[in-house]
Engineer: 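Let me begin by handing over the structure; questions about it come next.
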There are 2 protein chains.
Amino acid sequence: MRREVTLRDVAELAGVSSRTVSNVVNGYANVTERTRVRVQRAVDELGYRPNVLARNLAQGRSGQIALVVPYLDTPYFSELLQSVIRTARARGYNVLIDQTDGDPEHERAFIAHGSRRLLFDGVIFSPLGLDQQALADHDPNLPLVILGERTSDGTFDHIGIDDVAASREATEHLLDLGRRRVAAIGDQPYATGEAAQRRTRGFREAFQARGLTVREDLIISTPRFNRKDGAQAMAHLLDLEDPPDAVFCYSDLVALGAIRTLVSRGLRVPDDVAVIGYDDIEDGRYSNPSVTTISPDKEMIATTAVERLLLRIGSSTPPPAVELRAPHRLIVRESTAGRVTPPAR
Amino acid sequence: MRREVTLRDVAELAGVSSRTVSNVVNGYANVTERTRVRVQRAVDELGYRPNVLARNLAQGRSGQIALVVPYLDTPYFSELLQSVIRTARARGYNVLIDQTDGDPEHERAFIAHGSRRLLFDGVIFSPLGLDQQALADHDPNLPLVILGERTSDGTFDHIGIDDVAASREATEHLLDLGRRRVAAIGDQPYATGEAAQRRTRGFREAFQARGLTVREDLIISTPRFNRKDGAQAMAHLLDLEDPPDAVFCYSDLVALGAIRTLVSRGLRVPDDVAVIGYDDIEDGRYSNPSVTTISPDKEMIATTAVERLLLRIGSSTPPPAVELRAPHRLIVRESTAGRVTPPAR
DNA sequence: CTACGATTTTGCAGCGCTGCAAAACAGCAT
DNA sequence: ATGCTGTTTTGCAGCGCTGCAAAATCGTAG
């Protein structure tokens, strides 16, 4: 196991100081063409590659950002993750991943002692178990960008789509189909359920705008937004005296679970019950039926999050906190529109 | 922005040398109870936390391992990722993620210059674009564990299930149902398609064992193992003169795509065509119909991969390369068995 | 030919920690 | 006391790089 090539080795071969080699390697301005070439040649000859650890220690930064999400096997997050990694890498940053399982303690530890660990220079965080209060209590030295679930209190950036408007559109789409017994699956009427509550608000607004009344027994709370929750909630709805003829699900996974229950009970989607989801994950594009959904611009959310974070990391005086809105759109698929190309029988 | 607390600060407060503080912090053996308590008190009082960067530089290791996979939004990988992160963290390691998109150059760069980057101490790698030849050409100083797709050449560990046996079981399951026009979707008859070829081998063995003949026109190649490939391949199969009555798909995603095509053409699964997948991803458990599949023990694959890698990282003389087999089992669901009991009660 | 400002290069210290080997200390036998 | 082991603590160097400021070099004008 031979020793790695260091700056000093290169310097010696090129006949310059190690500091000059550093300048060349880092593309500093004030280096004459002559020396640059000479150094570059030595670098190539020895196959020098900078030691990231040493550089980071000297610079007092880690060159890494952390992406902290509740669940990695949730397609929404894994799709987001891809774009985050791509963007960060393009800017010379590595991405550390952490999954919190929504555990408040785990989440708190991350944002409270974050900057002391020196393992990452900033965090993109999608909280689940922390309420607004706990969030505000984050390490003030830690550059922080929050995704989706909360609104900023002025000490971090926040990026998400307009949940209220999007949910209203989703609900209106169902009402436009003539459905009146419209249910909602995914409310979370407690401190950490802010995003869910915004969706419920949009749901209600759609009814109000048309002078219709929301049936309160059709608003179902679920602890999470996964398939199982959707399946169970749908089963509950179907057992009601007057079951719904349409369902607004707060995530595509919930919608897939709901559809699963509907189909297994012999009901037709959308004929008997129309279903709309939220997130536009790939699963929903290939499911049976495919899922009508609210599609947030994930690519933009990811790249914006990274860029804002790097901006924060780069500035000595923290930039003012911003509240960013990513665009969204309604994508109509079979679960509300029916088969576009009708089946044989 | 105050300066961070260092070892020296603690040492001063405790009235000992900084080296002793280091010993206490790292739990070294030869420290008297007296000093340990004194130091610990100082640590607590100042809220000292070690600087990981400095420690790593001094130790010449990074405390991080890399997980390199072709696609992060493939549920199989994101499910694996979770277990890898959990295991690594328990052993004090962080996980860096990288997605290669199956790009051979990207993959090569990782294993060829890996150890020079000093960003990670070892790599768990699921190759896609590299053939056996290119794999052998990895940096010999880089601790490496390969997942799934290849067999070891003696310079790295390899972990995967027995693809041939599993595929044979899957095919036998279809034959047991009385199906005879059994198709296979996912063959990759080229150097980088080793795993696919092993599955095709198992497929053939199942026929041979019963004295049946494989219909060559029912073996379909696909570039990847995703939904789209499955959907297209299925469409092609249905356009044949004598279409199949059962399909063995080389991944659950392929199966989901295939089912999608079947259903949209008005065919019933499994009545008209039975479908079996591979990987046991969560999507297949909630789809309509749910997908019969080969379930590899992902948890074991992940934890074993991490442990083997850490073992390699820890040993000065590289341990002998091992070829590890994780168990698998057949999970029968609706896509072959039909509706058994209405789930999601 | 000298002086002076601008540009390029260099030397050194130090980021915060650990490896190493020496030093200090303690316990016990002589 | 003295010597001898074994344990605990310490000092120092250095991981490989960059920040800083001084030094060297260059170009131009006087």
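Letters A, B, ... mirror the listed sequences (proteins, then strands); counts begin at 1. Excluded from the calculations below are hydrogen atoms, water molecules and symmetry mates; all remaining heavy atoms, backbone and side chain alike, are included.
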Engineer: At their closest point, which heavy atom of A:D101 faces which heavy atom of A:Y71, and how far apart are they?
Structural biologist: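 Smallest interatomic distance, heavy atoms only, reads O-OH, 3.4 Å.
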
Engineer: Between the side chain of B:S62 and the main-chain N/O of B:L119, is any donor-acceptor distance below 3.5 Å?
Structural biologist: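 Yes; at least one donor-acceptor contact below 3.5 Å.
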
Engineer: May I have the distance from A:R61 (atom CZ) to C:dG16 (atom P), rounded to whole angstrom?
Structural biologist: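 In whole Å, C:dG16 P lies 16 Å from A:R61 CZ.
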
Engineer: Select base, sugar-phosphate, or nothing to describe what B:N26 touches, counting heavy atoms under 4.0 Å on all strands.
Structural biologist: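 Since only primed, P, OP1 and OP2 atoms lie under 4.0 Å of B:N26, the category is sugar-phosphate.
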
Engineer: Does C:dT8 have OP1 or OP2 under 4.0 Å away from a side-chain N or O of A:N23?
Structural biologist: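 Looking at the OP1 and OP2 atoms of C:dT8, neither is under 4.0 Å from any side-chain N or O of A:N23.
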
Engineer: Between A:R312 and A:E307, is the closest basic N to carboxylate O distance under 4.0 Å?
Structural biologist: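 Salt bridge flag = no for A:R312 with A:E307.
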
Engineer: With rounding to the nearest 0.5 Å, note down the distance linking CD1 in A:I159 to CG in A:D297.
Structural biologist: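 Reported value, rounded in 0.5 Å steps: 11.5 Å.
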
Engineer: Should A:Y28 be listed as having a side-chain N or O under 4.0 Å from OP1 or OP2 of C:dT10?
Structural biologist: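 For C:dT10, OP1/OP2 do not have a side-chain N/O of A:Y28 under 4.0 Å.
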
Engineer: Name the closest nucleotide to the A:Y48 side chain, picking from D:dC17, C:dT10, C:dT18.
Structural biologist: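 Closest of the options to the side chain of A:Y48: D:dC17.
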
Engineer: Closer than 3.5 angstrom, by distance alone: can the side chain of A:N26 be matched with the main-chain N or O of A:S22 as a donor-acceptor pair?
Structural biologist: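 Flag set: sc A:N26 to bb A:S22 pair under 3.5 Å.
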
Engineer: Whole Å only: how far is the CD atom of A:E12 from the P atom of D:dG16?
Structural biologist: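 After rounding, the gap between these two atoms is 14 Å.
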
Engineer: C:dT8, OP1 or OP2 - any side-chain N/O from A:N30 closer than 4.0 Å?
Structural biologist: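 Yes, because at least one side-chain N or O of A:N30 sits under 4.0 Å from OP1 or OP2 of C:dT8.
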
Engineer: Whole-Å distance between C:dC15 P and B:N51 CG?
Structural biologist: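 The distance from CG of B:N51 to P of C:dC15 comes to 11 Å, rounded to the nearest Å.
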
Engineer: Check for a donor-acceptor pair, side chain of A:T35 on one end and backbone N or O of A:V31 on the other, with a separation under 3.5 Å.
Structural biologist: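 Not at all, since once roles are kept as given, no pair shorter than 3.5 Å links the two residues.
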
Engineer: Could you tell me how far apart B:L7 (CG) and D:dA13 (P) are, to the nearest whole angstrom?
Structural biologist: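 It works out to 18 Å between those atoms.
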
Engineer: If you pin B:S18 and A:R55 to their nearest nucleotides in DNA chain D, which one's is more 5'?
Structural biologist: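 The residue mapped nearer the 5' terminus is B:S18.
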
Engineer: Using only side-chain N and O atoms of A:S22, determine if any of them is under 4.0 Å from OP1 or OP2 of D:dT18.
Structural biologist: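 The answer is yes; a side-chain N or O of A:S22 sits under 4.0 Å from OP1 or OP2.
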
Engineer: Rounding to a whole Å, what distance do you find between A:R49:CZ and D:dG16:C1'?
Structural biologist: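 Value for this atom pair: 16 Å.
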
Engineer: Could you point out which residue of A:V123, A:I111, A:L144 forms a side-chain contact (heavy atoms from CB on, under 4.5 Å) with A:V68?
Structural biologist: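 Checked A:V123, A:I111, A:L144 against A:V68; only one passes side-chain contact (heavy atoms from CB on, under 4.5 Å): A:V123.
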
Engineer: Could you give the CG-to-P distance, from B:N56 to C:dT18, as a whole number of Å?
Structural biologist: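 B:N56 atom CG is separated from C:dT18 atom P by 10 Å.
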
Engineer: Looking at the side chain of B:R19, which of D:dG19, D:dC12, C:dC17 is the nearest nucleotide?
Structural biologist: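 Side chain of B:R19 sits closest to D:dC12.
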
Engineer: Could you state the atom-to-atom distance from CG of A:L57 to C1' of D:dG19 in whole Å?
Structural biologist: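 Between C1' of D:dG19 and CG of A:L57: 13 Å.
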
Engineer: Quick check for you: among D:dC17, C:dC15, C:dG19, whose closest atom lies nearest to any side-chain atom of B:Q59?
Structural biologist: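 For the B:Q59 side chain, the nearest candidate turns out to be C:dG19.
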
Engineer: Can you list the steps and then say if B:N51 with B:R55 is a side chain to side chain donor-acceptor pair (under 3.5 Å)?
Structural biologist: CA-CA 6 Å; B:N51 179 322; B:R55 170 181 297 172; over 6 Å; no

Engineer: Between D:dC15, D:dC17, C:dC17, which one does the side chain of A:A54 approach most closely?
Structural biologist: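 In terms of side-chain proximity for A:A54, the closest of D:dC15, D:dC17, C:dC17 is D:dC17.
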
Engineer: Where along residues 32-44 of chain A does a heavy atom come under 4.0 Å from DNA chain D, residue by residue in number order?
Structural biologist: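 None, since no heavy atom is under 4.0 Å.
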
Engineer: Between D:dT18 atom C1' and A:R8 atom CZ, what is the distance in whole Å?
Structural biologist: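 Taking CZ of A:R8 and C1' of D:dT18, I get 12 Å after rounding.
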
